[in-house]
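One structure is given here, and the rest of the page talks about it.
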Amino acid sequence: MTTEQIPSGPIGEHSKNEQLAAFRVRHAGAKLSTNQGVRVSNTDDSLKAGVRGPTLMEDFHFREKITHFDHERIPERVVHARGFGAHGYFQVYESMAEYTKAKFLQDPSVKTPVFVRFSTVVGSRGSADTVRDVRGFATKFYTEDGNYDLVGNNIPVFFIQDAIKFPDVIHAIKPEPENEIPQASSAHDTFWDFVTGTPETAHMIMWLLSDRGIPRSYRMMEGFGVHTFRFVNQQGKACFVKFHWKPALGVHSLVWDEAQKLAGKDPDYHRRDLWDAINRGEYPEYELGVQIIAEEDEFKFDFDILDPTKLWPEELIPVRRVGKMTLTRNVDNFFAETEQVAFHPGHVVPGIDFTNDPLLQGRLFSYLDTQLIRLGGPNFHEIPINRPVAHVHNNQRDGYHRATIDEGRVSYFPNSLQGDTPQPATETEGGYVHYAEKLDGAKVRQRSESFKDHYRQATLFWNSMSEVEKQHIIQAFHFEVGNVKDKQIKQRVVDMFNNVAGDLAVQIAVGIGANPPASPGGTGVTASSPALSQENTIKNPRTRKVAVLAENGFNFPEVTQVIDTLNTAGIQTEIVSPNLGMITSADGRNLEVTKNYLTAGSILYDAVYIAGGRQSVDSLLARGDALHFINEAFKHAKAIGAANEGIDLLAASQIQGVALAGPETQAQLFSELGVITIRNAADLSYFSQEFINVISQHRHWTRQLQKELAPA
Ligand code: HDD
């Protein structure tokens, strides 16, 4: 199939989907065949010489079936092996012509198809989703000008400044080579050995050990292009640009204990969350943001804008939201799409160009190189998910797995036999012309002096954290470095992070049995950046998940009113009870149970609601699982709601120091630290609304600070 046969016409939301349609095969209702299209009469028994005899070589069906199976695996990505993708579209809000000529950033009526793959970096393909790690956020825009890939992460800075260090940092963070332990974790000696020998990692380590390292959902994390790129407009004028993705649902995280337990209870937690949301029509949305610096302002800042370990503080250089991406469709086949998609930061379109960031420059080599081995040769661009919607015409030919049938004798340029075509396009015809940056320098293997401040922005990040975010970072250090066996490495961690902030280093030292720093350090930076704290993010209750604990004898009118109000606000509810099937209310009505205590756990929910009803609550009171559910949800700072008798379960739990509605209280709402209760109210609409507000807060950290982190 040539690209000419692909539905042409203006690029629109569905153009990639229409292109993919030509490759889809539906097998339902069909007869079984070999790969040669020969119908198969029996696929359960190999061809044998006698019923108890040996299998015959001539069994072509057996040979083909087994051979194909033997070759099903391709190498997993050397990093970002575990990922999950979805289709959608991008729409710009208004023309960006002032800054860039990129066509997909011009016309607000155009919906450019996109494919996004989210990933973890360190773990192998089968590892758990919720590990502490950087998340990849890679977007392929199928634009009119050809494919543009924005291959970013959920952290705006990187571990290293020069791509030549990439194998070192990855070797250090991957499982240790002699025993392949630990999987998908940075909590081991080799990684911290590398970190403490490489001070440029300090800033990103602060991010990794913050709540950003354990997102609640792919739908609730930011994305960053990390590098400084260039926009170039029609007149050839360039500016520096950094890209951001801002999620409509805000930036939210798990807590560490929850993340670890989820890795066992539901290792697919993030992919399931994305898959389910898209299937429900709750389409994830992210606004594209840009920060722009004029070429002439390159040296105006106290950091080098080419240094990928530095961010541009949003308060200094505001993020302008220029468009929105909406993910609307799950893949049809994980391997064909998510596994075979090939991203490359070098896939750029006219209007977007590179800078001399040495990390970016190295990436431009690595991604094409890796696809050659991973996808088996130079024709990976022909795999349906990788095909541009724009037409492809060139003189590249042959190679493994070539699918295009190139017609004609000509595969060279210049030529007279085909009128010198395909021929280069002029700039006005859309030909890509590299920005004519003037360069002058000696060949050196050196790091610029302007790249040598490794700590000031790490301090800025630390200063910007709320109290509870700081506590989480310290706990993360205690976990990560607590798993390091070498005492000298542990001490080096304290000494290195003393350069970031003295109070941080002192608190790290306490938890890992190292000596506090000889003298409290720091950088002297006192500024903070509110944009860096998740405390200041969007709080939106939509798509949150609430467990409803109920058993036979529950109060039907009460429970259904609460559930209906939550559902209307876009919050999901699941009835959790000891057995699947139906439970019957005190007034004889039935509700279907969604999960039992083996298939569910508080960690799978954002909030818990305990149904009223005497008999139901008496059963819950006798059930250790239910009390554990509540205690764990409380520990993880989640919203908890209860009405009437349901409050008795709270009173019997380990929740202490929170005022609850007492048996005699008349319709008065009690709401403290995210625990909300009411008794004797004829109508629960006010309660339900307040419960939604409490859920929308995501987590009630004050509770954690007061109850958990207070010194004994
Ligand atoms: Fe990379 C994959 C993001 C630095 C070499 N990288 C990969 C993916 C993401 C990133 C999201 C997964 C793409 C997918 O879903 O298929 N990488 C980044 C970011 C970086 C970065 C944001 C720094 C700003 N990467 C980086 C360097 C190198 C690589 C410096 C090598 C010099 N990255 C690769 C790779 C991968 C990759 C080995 C593995 C699989 C692939 O490319 O397709 O080439």
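Order of listing sets the numbers, starting from 1, for every ligand and every atom in it.
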How close does the nearest protein non-hydrogen atom get to [atom], and which residue and atom is it?
{"atom": "atom 38 (C) of ligand 1", "value": "Val78 CG1, 3.3 Å"}
{"atom": "atom 22 (C) of ligand 1", "value": "Asn153 ND2, 3.2 Å"}
{"atom": "atom 41 (C) of ligand 1", "value": "Thr370 CG2, 3.5 Å"}
{"atom": "atom 23 (C) of ligand 1", "value": "Phe158 CD1, 3.4 Å"}
{"atom": "atom 7 (C) of ligand 1", "value": "His80 CD2, 3.2 Å"}
{"atom": "atom 44 (O) of ligand 1", "value": "Ser366 OG, 3.3 Å"}

Under a 4.0 angstrom heavy-atom cut-off, which atoms of ligand 1 come close to Gly136? 11 (C)

With atoms numbered from 1 as shown, which atoms in ligand 1 lie under 4.0 angstrom from a non-hydrogen atom of Val226? 22 (C), 24 (C)

Please report the shortest heavy-atom distance between Asp357 and His227, naming the atom on each side. OD2-ND1, 2.6 Å

Aromatic contact between Phe84 and Tyr218, with the criterion being ring centroids under 6.0 Å apart: yes or no?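 Between Tyr218 and Phe84, which both carry aromatic rings, the centre distance is not below 6.0 Å.
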
Side chains of Asp353 and Glu437: closer than 4.5 Å at any heavy-atom pair? no

Ignoring hydrogens, just give me the one of Gln371, Arg374, Arg77 whose non-hydrogen atom is nearest atom 43 (O) of ligand 1.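 The residue whose heavy atom sits nearest atom 43 (O) of ligand 1 is Gln371.
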
Would you indicate which of Phe166, Phe343, Tyr367, Phe159 comes nearest to atom 6 (N) of ligand 1 when only heavy atoms are counted? Tyr367

Does NZ or CZ of Lys140 lie under 6.0 Å from the centre of the six-membered ring of Phe343, at an angle within 45° of the ring axis?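 Yes, Lys140 sits over the ring of Phe343.
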
Just wondering, more than 12 heavy atoms not from Leu316 lying within 6.0 Å of its CG? yes

Please work out whether the ring planes of Phe231 and Phe243 are parallel, tilted or perpendicular, with thresholds of 30° and 60°.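 Perpendicular: the ring planes of Phe231 and Phe243 meet at over 60°.
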
Indicate the ring-plane relationship of Phe137 and Tyr286, choosing parallel, tilted or perpendicular according to the 30° and 60° boundaries. perpendicular

Polar contacts were defined as any N/O atom of the residue lying under 3.5 Å from an N/O atom of the ligand; does this apply to Arg363 and ligand 1? yes

Polar proximity ligand 1 side, Arg117 side, N/O cut 3.5 Å exclusive: yes

Between Ser450 and Ser448, is there a side-chain donor-acceptor contact under 3.5 Å, judged purely by atom types and distance?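 Yes, side-chain donor-acceptor contact under 3.5 Å.
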
For a quick check under 3.5 Å, do Arg387 and Gln19 share a side-chain donor-acceptor pair by atom type? no

Tell me whether ligand 1 is touched by Gly152 - counting only heavy atoms on the residue side and a distance under 4.0 Å.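 For ligand 1, residue contact (heavy atoms, under 4.0 Å) with Gly152 is present.
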
Side chain, backbone, both or neither: His227 near ligand 1, heavy atoms under 4.0 Å: side chain

